[in-house]
Amino acid sequence: MNKWDIARRDLLKSLGVGAACLPLLRAQRAVAAPGQSKHLMIIQMSEGYRQGDWKPKAGSLMTQTLPFSTAPFEPHKGEMIFLPNLTNPGISAGGHGSYGVIYYGMGSQGSGQYKEPKGKTLDQVVASALPKLASGRPSLHLHVQLELAPRSTTSPGGSRCFWTGAGQPINPVGDPYAVYKEIFAGAAAGNTNVDGASVEKLMVRRKSILDYVGKSLDDFKMRLGTEDRMAVDAHNQSIRDLEQQLQSAGSVGQCGATASPMLDLADRKNYPEILKAHLALMVSSLKCGITNVVTVQTGDSSGNNINFGAFVPGIPATSKNNYKSPYRNWHDLGHNPTMDGVDHKRIVDKWFMERYAELFTTMKSVPDTAGGTLFDSTVILIGNHMQEGANHDAQKNPWMIATGKNGYFATGQCAASDGKPVGAVMSEICNALGVMGPYGQSMPELKKA
Amino acid sequence: MFRPRRFILGAVFAIGCTGSIAGDPSTTPPGKTGPSPDPTTVPGAAPLRRLTRLEYDNTIRDLLGIAMPLATNGDAFAPDQESALSGFVKGAAVTGGSDARIFMVAAEQIGAAIASKLPTLLPCNPIPTATGEQDACADKFITTFGRRAFRRPLAGKEVENLRALYKAQRAAPSSATFEEAIGGLVTGILQAPQFLYHWELGPNAALKDGTLVRFNSYEVASRLSYLFWASMPDEKLFSAAEANELLAPERIAQEARRLLGDAKAKDGLRDFHTQWLEIDTLGDVPKDDTFKDYSPAVAQAMLDETRDFVASIYTGPQATGKLETLLASPSSVVDASLAKIYGAKGPGAVMLGDRAGIFTHLGFLAMKAEPDKSNPVKRGDAVLRRALCTELEVPVGVVVPPVAEPAPGVTTRERFTMHSMNPCATCHTIIDPMGFAFERYDAIGALRTTEENKPIDASGKVSLQSGDISFKDAVELMTKIAQTPEARACMAKQWLRYAMRRRELPTEDAALVNLRDVFQAAGYDLRELVVAVTKTRSFTHRAPSAGEVLQ
């Protein structure tokens, strides 16, 4: 245990809570109508897919065999919707520049290459509409090695795709071990291995300090303009969330959560382990009522920093092109999918689908409190911000939805979504979650008749 | 393929000024301001920005006298992000509990670290033992330390809030000792927005100047210190602010010169130049294993070279201050590892006959290259954007085809020349010749005379508004660029952007014209340019933000 950790039992003791409180936390989760989804999970991919190996034929999935890279979804295809060629209207950006606005769907702002949304993205539309949880985590945002060099840009729109509002990008967390400690191991980021009384003292002091910070933010913003006030409001909300997180730390217990390993986050070989730990954390967080919205960014707008050769079988460790980095990275795969006669991009596409198929299987094994499984009660959106790395087309986005077949969506289809806007899909996701979306569009064909 | 957005350079100074803002004698302090060098400049609103990681660490150092690089070391603090399309960064937005947690943990670590330093921080020595005296000491600490941490005097309510925090810490159930409660105050102050954000207006009414707001003396003090030191004001600046002296451009310039001459200016100068050259992440950039002379430590040495080279131009008895030196000097100071790559006799001061200024230094060349090869597009694009302020952007809907794969017998120039003959030629015929000039330097910046057994051809011609430049290599190119009006104007624009952390507006042309004139009159002395930046209305004024209520 790190010397800054607080032993979970001490924290629980200091808070005067224990396992008996767990049902109370869970009781505050959303009460959903029958068949209504309760959770949203977004997995952000990059550099598109090799379309010929990804896209099924339009129509029922049940009467066809999925192509090469999506073949791992065969056991789940009855609970999936493929959405090829979705547009992202009004963004005036190419495949990289659209990364920051892919879950906004209502245009963009900013004159730079990397666009930014004018308001909150889908995750926050949903998170702010669903009932608040005791955990202080309206949403949980993770990333896999996003910050390793070479980063494509310092522009927020190039590495942030979830936003609480205009100019307010969400900084995802990259260390699954740290997040696991905070949520499930009772580590309230305190200092030293101290006794319960000291922990209690620390918690009380923190509370008074954070109260002071919150008050200061309230006063501070009064002198600012509208946009800056929004930034300070977001800061203030982060303080409130932290307070709640600290208060609830440890009270949820381990809840059967899969413990996250301590990993070297800078070691590119650890990408699969980090992704696996993040996906497990996301599942645990939904299962245990920590949050209703989880996201993971598997790369930034270019993915120059990922070395697929370090962990995907069949991919060489280095690129012949040395495009953007010495690795067989995502951007390199996008522009140069084939090397020495082998299509590496489709192999990488498939590698990810295998991970997500495993995720679906896991979620199907987790019972949901309201009956069914976690998979049934969750809308899983696997998004991408360009059609294919080779064309960087930001107006033909390939998305996938997975969720229980007894819910809102008419699953088991490859939708005739060519030219339909991403906003229409996000509208339907909001509908599935019982949330009023701002998109003003719809795709009734996605809804079960 | 790139589309030229503003390839014709130099037009910036030709644009007429728009609008004229008359001072409002009822709100401008009489006799304090002095004449503005660019009275017709109408600046934009100042973006609220949080301390960058460097600024956070430097401010902690100067505020508390401790070196704890919590923000710049490790990955805890989110990376800085570009501020308002300026090409320079601000601290990342705080939008989630995990962000707030980072500041809390850092503040707690700092609070714990200063426990042994309290006697030097407290205004009472020895530390009193009686509760009443302790409370009085805490009161004094709040106003004195608070003034330094918030970079201006505290409002009455701010004092009350901190006093309440102190009392809450002392009372049950916290029952903190005096020392612990002071630590709690510090921990709270370091998480407060007044510390974390650049917005030092404080309790004072905004100084209206026509339709604009003039930064008050405390705000100017911070703008100066963060511009030159990437840190908080020192006591001399605070004193000048307290005397309300920092409204007059000449007095501001006087302080600017003092700050520029201080050893701490090395930080601000390094920050500007590493951001300007886009080399601040060089230490993380991977290179091919075949480069045995390259390692993270060598990359750091390259950054150190840039820092020391820049410092030698701006500060010290030997400093020339000249733009020409920055862009075309063959001299540098290097350690043994860099001397080896340069092929120079070192360590120490060296004359590099095959180099001309900072764009031919190893740091820039290694950053703007592939892991194993040079990259003319990266180098040419960076020189165009950062040295000449010419920006090109990929048009929407255009697919950028890859450069031809390396092949035996084919040089980088030949590969990229093929690239510029495809439909992307429109812009690559602009970018690539600039980049080809640097072909004599490999992926880590080492000199080479051949590639694929063919002699390197680094010659070419680029067209600027001021005329064509023909060159045989980067030395000749950069030597000539250093003399162009485009490079001189661009340097002024980049410093102004860095100071404002936003893009200039068309209504700020008067400021740029003023900077051009001052720069020219000073024989293109960068020190005079930066000082002149601090006198412009873009530095001393701002437009009210939309929705801002001026009190």
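Below, read A as the first sequence line, B as the second, and so on, with proteins coming before strands; counting in each chain starts at 1.
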Checklist outcome for this item: Honestly, the part of B:L550 sitting under 4.5 Å from a heavy atom of chain A is neither
Checklist outcome for this item: Honestly, the part of A:V232 sitting under 4.5 Å from a heavy atom of chain B is side chain
Checklist entry - With only heavy atoms counted, which part of B:A76 is less than 4.5 Å from chain A, the side chain, the backbone, both or neither? => result neither
Checklist entry - Do B:E108 and A:R206 sit within salt-bridge range, that is, some charged N less than 4.0 Å from a carboxylate O? => result yes
Item to check | Contact class of B:A407 relative to chain A, heavy atoms under 4.5 angstrom | outcome: neither
Checklist entry - Highest number of heavy-atom pairs under 4.5 Å with chain A: which of B:V549, B:T281, B:V285, B:L201? => result B:L201
Item to check | Ionic contact status for B:E504 with B:R497, cut-off 4.0 Å | outcome: yes
Checklist outcome for this item: Honestly, the part of B:F150 sitting under 4.5 Å from a heavy atom of chain A is side chain
Next on the checklist: Regarding B:E200 and B:R151, does a basic nitrogen lie under 4.0 Å from an acidic carboxylate oxygen?
Outcome noted: yes
Checklist entry - Counting only N and O atoms by type, is there a donor-acceptor contact under 3.5 Å from the side chain of A:Q145 to the main-chain atoms of A:I306? => result no
Checklist entry - So, are B:E179 and B:R170 salt-bridged, with charged N and O less than 4.0 Å apart? => result no
Next on the checklist: So which residue, A:T153, A:D241, A:N171, A:T226, ends up with the most heavy-atom pairs under 4.5 Å with chain B?
Outcome noted: A:N171
Item to check | Contacting moiety of B:N161, where chain A heavy atoms sit under 4.5 Å | outcome: both
Item to check | Option that, when pairs with chain B are counted at under 4.5 Å, heavy atom only, ranks first among A:Q168, A:R240, A:Q395, A:K215 | outcome: A:Q168
Checklist entry - Under 3.5 Å, is there a donor-acceptor pair between the A:S155 and B:Q81 side chains? => result no
Item to check | Donor-acceptor side-chain pairing of B:N375 and B:E370 below 3.5 angstrom | outcome: yes
Checklist entry - Of the listed residues (A:P138, A:A394, A:G225), which shares the most heavy-atom pairs with chain B below a 4.5 Å separation? => result A:G225
Checklist outcome for this item: Counting heavy-atom pairs under 4.5 angstrom with chain A, the leader among B:A155, B:S174, B:S175, B:G188 is B:S174
Checklist entry - For B:A176, is it the side chain, the backbone, both, or neither that has a heavy atom closer than 4.5 Å to a heavy atom of chain A? => result both
Next on the checklist: I'd like to know which of A:I239, A:L224, A:T164 tops the heavy-atom pair count under 4.5 Å against chain B.
Outcome noted: A:L224
Item to check | Most contacts with chain B, counted as non-hydrogen pairs under 4.5 angstrom, among A:D175, A:D228, A:L265 | outcome: A:D228
Checklist entry - Does any heavy atom of chain A fall under 4.5 Å from the side chain of B:E278, the backbone, both, or neither of them? => result neither
Next on the checklist: Within the 3.5 Å criterion, strictly below it, is a donor on A:S98 or A:H96 matched to an acceptor on the partner's side chain?
Outcome noted: no
Checklist entry - In terms of ring plane angle, is the pair B:F77 and B:F103 parallel, tilted or perpendicular, where the classes change at 30° and 60°? => result perpendicular
Next on the checklist: Only pairs of heavy atoms separated by less than 4.5 Å count here; which of B:G87, B:P47, B:P286, B:S83 has the most with chain A?
Outcome noted: B:P286
Next on the checklist: I'd like to know if the side chain of A:S108 pairs up with that of A:E116 as donor and acceptor (distance under 3.5 Å, no hydrogens or angles considered).
Outcome noted: no
